[in-house]
Amino acid sequence: MAEEVSRKTPEQRAGMSDLERLRHSCAHVLATAILKLWPEAQFAAGPPVEAGFYYDLELGRRISPEDFEQIEAEMKKTVKENQTFERVPVSRDEALKLAEEGRLAALGPRGEPSKFKLDILRGIPEGEEITLYRNGDFLDLCAGPHVMRTGNIGAFKLTSVASAYYKGDERNPQLQRVYGTAFKTRAELDAHFAMLEEAKKRDHRKLGKELELFFFDAEDVGPGLPLWLPNGTVLIEELEKLAKETEFRGGYQRVRTPHLARESLYITSGHLPYYKESMFPPMEFSEDAAGDPVKYYLKAMNCPHHHKLFGAVPRSYRDLPLRLAEYGTCYRYEQSGELFGLMRVRSMQMNDAHIYCTREQFEAEFNAVNELYLKYFKIFGLDKYLMRFSTHDPARLGEKFVDEPELWRETEEMVRNVLVKSGIAFVEIPNEAAFYGPNIDVQVWSAIGREFTIATNQVDFSVPKRFGLKYKTSDGGFDTPLCIHRAPLGTHERFIGFLIEHFAGAFPVWLAPEQVRVLPISEKHAAYARQVTAALRKEEIRATCDESPDKIGAKIRLAQIEKVSYMLVLGAREEAADLVAVRSRKLGDEGALSAGEFLARLKREIANREL
RNA sequence: GCCGACGUAGCUCAGCUGGUAGAGCAGCUGAUUCGUAAUCAGCAGGUCACGAGUUCGAAUCUCGUCGUCGGCUCCA
């Protein structure tokens with residue numbers, strides 16, 4: 001996205017890795033091939049991306065995956081010819097002339113100007129060097145860098161075709177985007193696709209079905225509205241338990257609020273009309289004798305309700321910081337094309353809390369929230385994530401960002417301090433903050449490589465004012481609190497979607513829907529097995545007993561496939577000695593223990609939330 | 001919402017250029033009572049997403065609707 005909206009700096013270009021150069025070069029080879037087949041194609045941008053490259057183009061005919069074979073064959077020819085990538089510096093006038101003649105991103109002169117290249121050219125600031133790159137007959141406006149020769153592209157493959165707006169803007173024409181990937185060697189390419197196959201096995205949508213965690217009934221319940229099966233509900237409840245324990249210790253108080261509210265609440269909060277597109281349409285009816293219509297909206301966020309709770313009672317500085325927490329259910333009308341398994345849904349439960357505090361308390365509170373994040377990430381063994389610190393753009397105060405220059409400066413400085421002090425790696429992105437304050441998002445990647453915000457921590461110094469929230473200060477006056485919105489566990493839907501992929505469905509025992517399955521070897525030991533199962537369940541261990549007439553091998557296989565944490569194999573030997581033969585999903589046969597010893601170990605693992 | 005692909009039993013999939021549906025697993029029933037990843041046999045399961053159209057005849061061709069997926073814009 002950034003590739004086409006903002007141009008890369010010369011430093012970024014110089015820093016492009018060998019693989020990125022190779023892929024970018026492959027994009028040129030792709031364009032060369034497409035032009036041989038359809039000379040009228042108009043090209044826009046063709047950068048390397050995380051898993052490969054793409055080139056955007058406009059063409060009267062639709063390119064479909066069935067065309068890939070033909071395109072790849074042409075690409076192979078170009079690679080085989082081992083053409084040199086020649087860097088051609090030109091003056092602005094020369095470049096403009098070539099674009100007018102349709103010779104950019106083309107194999108030769110054409111009747112039509114290279115319209116997208118012309119547009120890109122006009123966007124290049126005065127004084128910046130303009131370069132073209134040539135391989136064979138193909139000439140393109142391009143800042144490079146490239147590999148030396150087309151023959152350096154060892155192995156490539158086209159992967160998909162999609163559509164994209166020119167420069168990523170909905171108002172611009174829609175282009176066809178052909179995706180591919182390339183590597184130095186065939187072996188690396190094969191390894192890449194093997195890795196993708198593996199990733200598909202951890203896809204939460206697949207595992208959600210196999211492990212009976214959740215399901216969707218788009219017909220009768222509605223798209224993007226997940227229903228949680230018993231196994232998935234265990235995950236939810238264990239996460240809530242974790243959150244409640246942690247938040248209680250962190251001085252949070254729990255609250256509960258309804259799922260909907262009248263229109264006026266969202267007028268006050270500013271969600272209407274700015275957020276209206278993302279809200280379900282209102283329910284409208286007349287409530288009073290006068291027959292005046294009233295509108296109710298399903299809540300898209302919990303903050304307005306929480307602000308009301310802050311204001312419900314007179315507050316003093318002695319009450320601050322006030323931390324209100326709720327696993328609130330929100331509803332957002334996400335665009336149909338956006339829905340994606342559990343990762344983007346229309347009903348979601350947020351690990352939400354709002355911390356109302358003074359400016360003096362802010363840094364300590366924000367730091368505490370940050371530490372909470374790290375604590376959680378450690379529990380889940382989450383190490384591949386990116387902290388994204390979004391700040392405002394002073395040039396857009398009063399337009400995109402509330403006009404409080406001093407507060408912006410102050411809070412951003414405090415947030416930055418917290419991040420730097422904690423030693424967490426983060427990237428700072430200007431102009432990306434919410435209108436009411438800076439925020440930190442935690443980015444993670446799904447099994448198939450899509451990026452998501454898993455958690456968020458936002459500063460709000462604007463909305464409390466809109467709600468007229470006040471507390472009595474020590475000198476007898478009134479002040480408006482700052483507010484921190486935080487959701488370190490994000491929403492149940494997305495967080496669990498992420499956890500399913502993170503653990504590939506094999507949850508640590510504290511989270512596992514089924515912690516123990518007792519497997520009697522034959523019917524003769526069913527009574528003993530039931531007794532052991534009952535003893536475990538009495539201790540609130542999620543244990544079941546498999547009394548099917550299957551052989552022990554089949555029972556074990558099923559338990560392994562269903563990713564049960566522990567299996568207890570019970571036969572004549574165990575029954576005689578009052579033991580249980582422990583088999584863990586991870587390590588296999590671990591030998592016999594007394595039921596009491598096994599239970600003690602299990603309870604310790606659960607209490608410590610061991611991975 | 002936009003562009004494209006796809007939609008066959010609970011799941012994974014077969015069904016060639018139109019001749020009114022098939023497998024494996026899961027399920028149910030019966031037999032088997034077995035020591036660390038699959039015991040055997042039988043039975044049952046589908047308005048081929050939905051609705052129109054073309055045709056003597058549609059899972060198969062056309063159009064529309066809905067949904068899912070891959071992207072784009074957007075977000076937890």
- In whole angstrom, give me the gap between the P atoms of B:U73 and B:C16. 39 Å
query = On a plain distance test, is the side chain of A:Glu338 in donor-acceptor contact with the base of B:C72 below 3.5 Å?
reply = yes
### Message
Does A:Leu519 reach a base, just sugar-phosphate, or nothing at all? Heavy atoms under 4.0 Å.
### Response
nothing
Across all chains, not counting sequence neighbours, the side chain to side chain contact (heavy atoms under 4.5 Å, CB included) partners of A:Lys586 are A:Ser584
*Using the C1' atom on both, measure B:A76 against B:G4 and round to a whole Å.*
28 Å
Would you tabulate the side-chain donor-acceptor contacts of residues 227-236 of chain A under 3.5 Å, counting partners in other chains and residues two or more places apart, or write 'none'?
from, atom 1, to, atom 2, distance (Å)
A:Asn231, ND2, A:Leu211, O, 2.9
A:Thr233, OG1, A:Leu229, O, 2.9

inquiry  = Work out how far the P atom of B:C6 is from that of B:C61, and round it to whole angstrom.
reply    = 10 Å
To the nearest angstrom, the CG-P distance between A:Leu342 and B:C69 comes to 11 Å
Atom CD of A:Glu432 and atom P of B:C74 are separated, to the nearest Å, by 9 Å
From CD of A:Gln174 across to P of B:G70 the rounded distance in Å is 17 Å
When rounded to whole Å, the CD to P distance for the pair A:Glu277 and B:G1 reads 12 Å
Practice item. For A:Gln176, answer base if it contacts any base atom (sugar-phosphate contacts may also be present), sugar-phosphate if it contacts only those atoms, and nothing otherwise; contact means non-hydrogen atoms under 4.0 Å. Key: nothing
A:Leu57 atom CG is separated from B:G4 atom C1', nearest whole Å, by 13 Å
Check: residues 514-523 of chain A side-chain donor-acceptor pairs under 3.5 Å, at least two apart:
from, atom 1, to, atom 2, distance (Å)
A:Glu514, OE1, A:Arg517, NH2, 2.8
A:Glu514, OE2, A:Arg517, NE, 2.8
A:Glu514, OE2, A:Thr544, OG1, 2.4
A:Gln515, OE1, A:Arg542, N, 2.8
A:Gln515, NE2, A:Val509, O, 2.9
A:Arg517, NH1, A:Glu562, OE1, 3.3
A:Arg517, NH2, A:Glu562, OE1, 2.5
A:Ser522, OG, A:Lys524, N, 3.1

Under a 3.5 Å limit on both distances, the Watson-Crick or wobble mate of B:G53 is B:C61
Can you give me every donor-acceptor pair (side chain of residues 373-380 of chain A, partner residue at least two apart or in another chain, under 3.5 Å) with its distance?
from, atom 1, to, atom 2, distance (Å)
A:Tyr373, OH, A:Thr456, N, 3.4
A:Tyr373, OH, A:Thr456, O, 2.5
A:Tyr373, OH, A:Asn457, N, 3.3

(message) Should the side chain of A:Gln335 and the base of B:C74 be counted as holding a donor-acceptor pair, with the cut-off at 3.5 Å?
(response) no
In whole angstroms, the gap separating P of B:A76 from NE2 of A:His271 amounts to 10 Å
dist A:Glu198:CD -> A:Arg202:CZ (nearest 0.5 Å) comes out at 8.5 Å
Is the shortest side-chain N/O distance from A:Lys209 to OP1 or OP2 of B:U12 below 4.0 Å?
-> yes
| said: Should the side chain of A:Thr453 and the base of B:A76 be counted as holding a donor-acceptor pair, with the cut-off at 3.5 Å? | reply: no
| request: Indicate, with a heavy-atom threshold strictly under 4.0 Å, whether A:Met348 touches base, sugar-phosphate, or nothing. | output: base
Rounded to whole Å, CZ of A:Arg177 lies from C1' of B:C72 at a distance of 7 Å
Ranking A:Arg494 and A:Gly341 by the position along RNA chain B of their nearest nucleotide, the one closer to 5' is A:Gly341
Rounded P spacing from B:U39 to B:C72 in Å: 46 Å
Reading nucleotides 27-43 of chain B from 5' to 3' and marking B where a protein heavy atom lies under 4.0 Å of the base, S where only the sugar-phosphate is that close, and - otherwise, the string is -----BBBBBBBB----
Check: Does atom CD of A:Glu40 have more than 12 heavy-atom neighbours from other groups under 6.0 Å away?
Finding: yes
Exercise. Assign the ring pair A:Phe216 / A:Phe214 to parallel, tilted or perpendicular, where the plane angle (0 to 90°) is split at 30° and 60°.
Key: perpendicular
Judged by nearest nucleotide, the residue sitting upstream toward the 5' end of RNA chain B, A:Ser163 or A:Gln458, is A:Ser163
Inset, instruction - Would you classify A:Ala218 as touching base, sugar-phosphate or nothing, given that sugar-phosphate means primed atoms plus P, OP1 and OP2, and contacts are heavy atoms under 4.0 Å? - result: sugar-phosphate
- prompt: What about the rings of A:Phe401 and A:Phe435, do their centers lie closer together than 6.0 Å?
  reply: no
If you go through the side-chain atoms of A:Tyr179, does one of them form a donor-acceptor pair with the base of B:G4 closer than 3.5 Å? no
- B:A76 OP1/OP2 closer than 4.0 Å to side-chain N/O of A:Arg344: no
(request) Report which part of the nucleic acid A:Ser336 touches: base, sugar-phosphate, or nothing (heavy-atom distance under 4.0 Å, all strands). (result) base
Residues at least two apart in sequence or cross-chain that pass ring-ring contact (aromatic ring centres under 6.0 Å, His included) with A:Tyr55, listed by chain then number, are A:Phe43
Using OP1 and OP2 only, check whether a side-chain N or O of A:Gln443 sits under 4.0 Å from B:A76. no
